[in-house]
Structures are given as structure tokens and as C-alpha cells.
Amino acid sequence: MSYLLLSVLLLPVLSIPFVYLAGRKSAKSAALLLSLVALVTLALVLTTVPTILNSPSNRYVETYPWIPVLNSNFTLFVDGIGLSMVIITMVLMIAAALYSINYMAGKKNLPVYYTLLSLLFVGLIGVFISSNLLFFYFCWELMLVPAFFLVGGWGYKESYKASFKFFVFTHAGAVFVLLGIGAIYMLTGSIDLFTAEKLLLTQNPDIVRWILIALTGGFAVKMAIFPVHMWLPDTYAEAPAPMSALISGVLTSAGAYAIIRVSMETVFPAVAATSFGIDFLHGLAVFGVISAFFGSFVALAQNDIKRIIAYSSISHMGYILFGVSLFPLQTAMTGTVLHIVTHGLSKGLFFLTAGAIMSVFAIRDIRKMGGLAGKMPITGTASAIAALSLGGAPPFACFISEFFIFMGAFQMIPIDSFYIVPTALMLIATVLSLAYSLRFVSKVFLGPSNIKEIGEGEKKKFEVPRFMQLAMIILVILVVLIGIYPSFFINLINTATATFL
Amino acid sequence: MVGIFDVAFPIVSLIAFSLLTIPVLRGIRKTGYKTALTLVWFAIAFSVAFAAVANLALQYYALPSPQPFLSISLSDSSLSWLSSVFMIDGISVYMAIMFTTVCAVVMIYSLFYVDPSKRPSERYYAIMLMLTAAVIGAVFSGDLLTLFIFWEAAAAGSSFLMLYKKNRSSLNATLKYIVMIVIASAFIVFGLSLVYGITGTLNFWAVKEALTVLADKTLLILAFIFIAAGYAIEAAIVPFHFWLPDAYGAAPSSTAAFLSAVIDQGSYYVLIRVLIFILVPTAVLDWTLMLAVMAAFTMIVGNLFALIQKNVKILIGYICVADVGYNLVAITSLTSDGLRANLYFFLIGGITTALAFMAVGIINHYGFKTLKDFSGIGRKMPLASLALLMAALSFAGMPPFGGFIAKYMVFTSAIEANLAWLAVIGVLMSVVQVAYLFRLVNYMYGKKPKDEVRIKEPIKLLIPVFILAGTIIILGLFPQIVLNLIEPVIRQLPFIP
């Protein structure tokens, strides 16, 4: 047995004190160390790709004993879905750390900032590679505490208020998840994802459905689906840009991942045959459509640069939930997981560009901007690519994944005619998302400038410092690359979605 | 063979040390090395006590065929069921170990908190040792009268610890506390007299046997109500909880830590011991629903009142009340998982409240009392705030702190016992708990302090605080350390088939 996944988890844990000590010397070295750790773990975890693609189970698993009394082994695994999530976590963490070098320069307590960032990193990796539900929850909550302090401590004016809202909302969701996990343990005597999946099949579906509701409701809070989205706009608006990128790119993705992994893959099969199972999927579709519409409409009406992106996040989580509601279809599921990846990267990029603009001009109202394309060429290009990707324009990443989701939806319509209306509405929602994306690009980057620093005939460039550019360029490359050549992720994810049901 | 000597030794040695403390500390005060010598003195006292308890535990577990309940009578005659009896079982051994350990840590804190060079401090320490002895005596009691005597000594005796500051509010709170304890004792004595009248004995085993065959249960119900009410007052179960936050809030922080970690958990231990194991197993009287309702109310009231508190110390007092509610949830399930959860929650709850009181005590010392005063304290006193933050996270059930595993076990045991509604209430109240705890954290880290002056924190006081903080992290990451200790208890439960 090799200790590959354990070292993927432990390497960031062990690096935490070093990150702190490096931060005491200079904040830059802490950020570089953190991104180096992320890079090494990325390289380590990528070595599992052949196993995932070729082994019969399509999984890479490691098991260690943990709490024998509670019948709980410490099992780590990656499959196509988990690996995709780990990859975007690492990439966004590298980007966020590099970006922070310039963005956070001059702020207070930077060693603590990078320490908390490493802690958040550990929690995120743990969520994506744990197959033990207790440890999954453990990491789920572990990422909440550093996120609270990162948003509160280094954000804009009302940041602690926002992060308090964020914490209470997501924790409220999390305790329902805990309840669901406890119920799974009580029914099956196991808290391993895959063992529980088999054992739940023999349980009474009337009880299992409450577990499904508790878990999905809890995860939906983290995803910020329509009625429980209230924490999201404030948090994104007040958080420092690297944290906005991480929360939107990875933390909400963790919610989506958990719905697919725990709610759908583990619990849902037990109720799939009942009428409740069908109703549940329809319910997910309805909430998905509402979120997509709500997010897009509000995003169209916003003038705050970060709030536009925040509401666009709600809208895209709606797409993902709609994709999840097509559960058994492989095309749709592959598209959904791919959308989590592409949305994470594009949204992360979008927030980084917004942060770049705000760090240079200290304004956040898009009506007061304009004409920045010539003044900030790299930021402008990156921002336009992110916006177009989120708007679903080819050849950028989100186009591919949305295309797959709609392919799945069209396959579903002949099977279940309920999906005609939601699919039609979702198609309209994509038009709306293109609308707010283009509005954003035209108001911020095109036309005459309304910024007072930029006078008539001003030749000076306002580009952000190197590391911020580097962070954005990394994400731009990935967004374009996945848009042109998505096969790597599609093959990877297909191996995992093929085993559903 | 475990003899009377083995059981009595930890209790007697602690009492002896307690009596010697006053002259010894007075002697120490005359020498130059006050703190060091005082520390040595208590190190000796607690190592002797700990060795005695460990000896008892080893002997008990070394028995060729471990009996569920080992009874040790003072007299060997045929009338032994009338005499005073000690009982040893897995739970009492576990509780004794925990109490001794926690008392030792709290004692270190008190040594620095209550200035040992001042006059009446030696009495404070002496009483603390005496109370430890009484609690350990209560844990090993084998008949209702011995239990009553030891337990009331501990409960009433702790009023002296509260009174140490001798100011108006502490006098007030102590008076309230004493009145409640006296009422509780009266209830218990009346209930016990009824039990004695029904069964003709107070010995645990004899009482249980007599009650199981009892035909007419009217008197028993009456006795049960009185005894349950009495112990409920002492354990601060809603609606008898109102004395606790006041008393803990007015007491010195070292006292509050001691009370929450030892007396509060001890009173709860006595409650379950009497109600569940001995006096009224469900075969005799079905009280599960009543206790479940009380658990729900205790959680709701404790958490909702904490939500509106402005004084941080009183807020933590209400968390103690809420913790009792979570404990009740676990035990109401009446399963091995429930008991395991309960014994684990005892320990974690006790340690966490003690940690919180200790950290708040350090901060209070500089005049910061209300939530508003706590604004920006995270920057002024980073270490004490870190400890309080850890306690808050553990209360909130966040990993990797012990509170997380404890709450998880409590809720699963409730679900297992088909009390899912209770688990849902518990979970909702947990959300409320997060709300007020994070409001506190928000004040500590999010608000601007009045001035940016960094306060020099007392390192000596922080050592015991961080011992406890480290303990809850270790127990959160490796709960099997304690769960393995609890495991033998589970197998000897009388109500598990």
C-alpha cells in the first residue's frame, strides 16, 4: 500500500507552521511556499490518473484505521469526480496565493493570513478525497473557520458582518448534514460512502428520504441555491478578491460536489425506485431553474462590480442543480461535474480581475468605469474571457459543460416530459447570462472612461503588478484550454459517472 | 481482591491533604519560595490521589471475572445490606479518573488566579481539595445515603468557593445557590425516606430488586418525582436552572471553572446514576418521554437565554445549562451508544466550559466584562482570546475539537432511539449556539477596540488554559483514547440485553 493520498493530505498540514514562519520573514515567501506546496500536491495527485482510467473500479483507494469503536475507518479515495475537484482546488489555491502577494501587500497580519489560507486548503482537499462521512464532515467544517476569519479579517468595510452571516448560514446547513450522516450511521452501521450506499438499498425508503432531504438541504446552503442564498452576495462583495475567488470557485463547488457524491450517489439510489425519487429530481430541477433565473435577473440590475459576479454565481449554481436533477443520465452528469470545474475556474478568474480593477482604482460602481480595455490590457482580456465563458460563449470552458448539460436535458425529455418546461427556461437563462456578461464587459472595458484618474489623451497604463497578472494568466490558459480541448476532463469524469446507478 | 482500603484511600488521602493544606501553606508563606513550594505541595497531593485511583482502577480491571457492579460493604455481617456500601463499576472508575485529572488542572489555574500570598487563600485550596474528595466519594457510593451525604457535601460545600470574593453580587448569588441546594436536599431526603419506607433499605442492589417486584407503584412515583426534582435542581435542568448562570457569573473564574467541570458534571452523574441505574430502571417506571421533554426544554431555554446575554461569563453559564440538555438527550436514548455519548460528552462539556471560564477569567481580570468590552480583544490579548475561540468552536461542535465528536455521538444516539424530533431540536439549537458564539467571536476579532494597547498576558495562568485546550483538540482528533476507557462500561450496562 502506498501513502500517496495520505501525503496529499498531510503535506499541506505539515507545511502550515512553515508557512507561518516564512510569513514572519516576508509575506511573499509564505505565498510562494504555499503555492509550491499546492503545486507538489497537484503533481502527486495527478499520478493517480492512470489508475483511475485503467483500473476496473476506476478509483484509487487508501484505508487506515481511525475510530474503531464507531466502526469508522479512515478511507481516502479519488475517482474522476474527486480528482477534477482536487485539481481546481489546487489551481485556484496557487492562483489565489500568487495573487495575494501583490493584492495583500501592505496589509496587517499577513503570516496569519497565509496560515489560514493553508488551513482552508487542507479542509478543501479533505472534503474531496475522503470517503469516510465523518471525516468528510470534519473537513467540511474545518474549511469554514479559516474562511470566516479570512473574509472577516482582510475584507472590505462590512466584512465581519458578512462573514458572520456566511458562517451562521453555512453552519446551519452543516448541522443538518451532520444529522443526515448520523442517521446513515444509525441505519447502516457504516459511515463509509460506498458501504453505506449498498446497505441503504435494503432500508425503508420512507426513512431514507428524510436523510436525503436533510443532506441535500444542508449542502444546498453551501451551494447558495435560491431560498438559502442570502449569505452569498454580501460575503462575495466584502471578501478580499482572492477569497471571493476561492469561495466562489471551490467552496460552493464543494457544495455541488457533496450533492452529487453524498446525496445522489450514496443516498438517492435507495429511493430512486419510489415516486418520491422522481418528485425529488423534479424538485431539484425547479429550484435549479429558479436560482438560474433569479441570479441572472438580479445580476443584470446590479451596479456593484462584485455583486454582479456574486449573483452570477447563484445563477450558475442553478445550472449545476438542474444538471444534477438529470441524475441517471451519463451525459448530463458528466456535463454537471465539468460545469463545476469550468465554472470554478471562470468565476475565480472573474473575481480576480474584478479585484484587480478595484485595487487600482478603488471604485466598485461599474457606471463610474469604462474604457479600461486599453489601460489594463491583460486584466481586460482576462475579464472578457471570464465573462464570455460564464455567458456560455464558445470556445471558452463553460460553453462545453453547458452544452453537455443541455444534451442530457434533451435526452431526458423523451423519457420524462416534465423536463420540457425547465429545459426551455434554462435555455432562456443562458441568454440572460450572456446579457449580464456583455453588459459587464461593455460598461467596464469599452466606451469612454468615467474614471477621473484617466484624463483625456492619458497615455499611461494602469496594469496591475506581475504576480496578479501571473495568477490571472494561469486561469485564462486553463479556461481557454478546456474550452478547446475538454477531453482530459471528460474522459476522467466519464469513468466516474459511468458507475452511477 | 479490591478491599475497603482501596476504595477509601483516594477519598481519605484527599481529605487528609485538605486538612493539612492550611498549616502547610501558612508555613510555606513564611519561606521565600512561595509559588514553587505551593505547587510542589499540590503536586504531591494530586499524585497520591491519582495513584490511589489508578490503583483502584487497575485492581478492578484485573479481577478474574469482572463483575458489573462490585459492592464493598463496611460490615461483613449478615446485615451488610443495611450498612454503608461502596460500589465500583466501569463508570465510577472512569468518572474518578476524569475528576481527579480535571481537578488537578483547575487547581493549577486557581493557584495563580487566587493569589496564594494573600491571607484566606489557603482555605480556598483546602476546600477545593475537600470537594474533590467528596465528589470522588459520591462517585464510589453504593447506597443512597452515602451518595446523598457525599454529594451534598460537595454541592453545598462549593458555596464557600463562590463566596471567596465577598462582594455584593457574589453574596447574592451564593445565597440563591444555597437556598436552591437546601430545597433540593429536602426534596431528595423526602424521596429517599419514601423509598426506604417502601423497600426497607437504601442499598442500590436491594432497592432495585425490591422495586422491580413492587406491585403498587403510586408511592414510588411520588418518591421518584421528589428525588428527580431534587437532583434536577442541582443539575440545573430547566425549569430549575435559573440559579446556575447567576451563581457561575458571580463566582471567581477559578471557582466557576471548578463548578462547571466538576460539580455540574458530577450532579448530572448522580442524577443518571440514581434515576437510571438503580432507582427506576425503565422496567419499573417509564420516564423516557418526560426526560426527553426536559432535555428539549433545557436545550431551548439554555441556548435562547444565552442569545440575549450581554455579560460573557453569564453567557457561558447558560451554555452550561444547554450542555446539560445535550447530556439528557444522550441518556434518554437508553442505549449503549447513548451512554457512550453521554460519558464522552460529560468529559468534553466539562473541560470546554472550564476552559471558557478560565479564559474569560483572564480577560475579566483587566476589566473587560460585557460583549461590548470584548470588542477587539483578539488583538489586545491574542492568547487568551485564542483559548476562548477554541472553547467557542468546541461548543459549536466544530472539528477538530472534542465538542464535534461529542455532539455527533449525542445526535446519533437520539436518532437510534427513535427520538429523531429530539435530535432535530438539538441540531436547531446548535445553530442558535453558533449564532451567539460567533457574535462573541465577531466582537472579539471583528470590532475595533477602544485603544490599541497590547496587554501583557499572564503566562502562568495561560499554561493550565492551554493544557485544557490541547486536550480538547487531542480528544477531537483521537477520541478513541477516551472511548476505549468507556468501552468496558458499555458492556456491563444492566439495561443492555
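Just so it is clear, the values below take in all heavy atoms, side chains as well, and ignore hydrogens, waters and symmetry mates. Computed from a prediction, not measured in an experiment: that's the story for all the values here. Residue numbers begin at 1 in each chain, while the letters A, B, ... track the order of the sequences.
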Discussion item. Heavy atom to heavy atom, less than 4.5 Å: which residues from residues 436-443 of chain B reach chain A?
Written reply: F438(B), R439(B), V441(B), N442(B)

Worksheet, complete the sentence: ring pair (Phe, Tyr, Trp, His ring centres under 6.0 Å) filter on Y114(A), not counting sequence neighbours, yields none

Practice prompt. Assert yes or no for the condition that the ring centre distance of Y137(A) to F404(B) is strictly below 6.0 Å.
Written response: yes

Worksheet item: So, for P400(B) and L142(A), which heavy atoms are closest and what is the spacing to 0.1 Å?
Response: CD-CD1, 3.9 Å

Worksheet item: Taking all atoms of both residues into account, what is the closest heavy-atom pair of E141(A) and P399(B), and its distance?
Response: CB-CD, 3.1 Å

Worksheet item: Measuring heavy-atom distances to chain A, does L477(B) have an atom under 4.5 Å in its side chain, in its backbone, in both, or in neither?
Response: both

Practice prompt. Report, as yes or no, whether the 6.0 Å neighbourhood of atom CG on D451(B) holds more than 12 heavy atoms from other residues, nucleotides or ligands.
Written response: yes

Worksheet item: Would the number of heavy atoms belonging to other residues, nucleotides or ligands and lying under 6.0 Å from CZ of F18(A) be above 12?
Response: no

Item to complete: Answer whether the closest heavy-atom distance between the side chains of K407(B) and V175(A) falls below 4.5 Å.
Response: no

Fill in: Other residues, nucleotides, ligands: >12 heavy atoms within 6.0 Å of K107(A) NZ
yes

Item to complete: Quick one: pull up CG in L393(B) and CG in L144(A) and give me the separation to the nearest 0.5 Å.
Response: 9.5 Å

Discussion item. Only pairs of heavy atoms separated by less than 4.5 Å count here; which of V431(B), V427(B), V432(B) has the most with chain A?
Written reply: V427(B)

Discussion item. Tell me if the CH2 atom of W421(B) is crowded by more than 12 foreign heavy atoms within 6.0 Å.
Written reply: yes

Item to complete: Decide side-chain contact (heavy atoms from CB on, under 4.5 Å) for F138(A) and I405(B); before the verdict, give the C-alpha distance in whole Å, the side-chain angles of both, and the deciding distance to 0.1 Å.
Response: CA-CA 9 Å; F138(A) 192 99; I405(B) 300 274; 5.6 Å; no

Worksheet item: For chain B, which residues of residues 147-169 of chain A have at least one non-hydrogen atom nearer than 4.5 Å to it?
Response: F148(A), F149(A), Y160(A), F164(A), F167(A), V168(A)

Worksheet entry | Shortest non-hydrogen contact between T412(B) and M186(A), atoms and distance | O-CG, 3.2 Å

Worksheet item: Which residues in residues 177-184 of chain A have a heavy atom less than 4.5 Å from any heavy atom of chain B?
Response: L178(A), L179(A), I181(A), G182(A), A183(A)

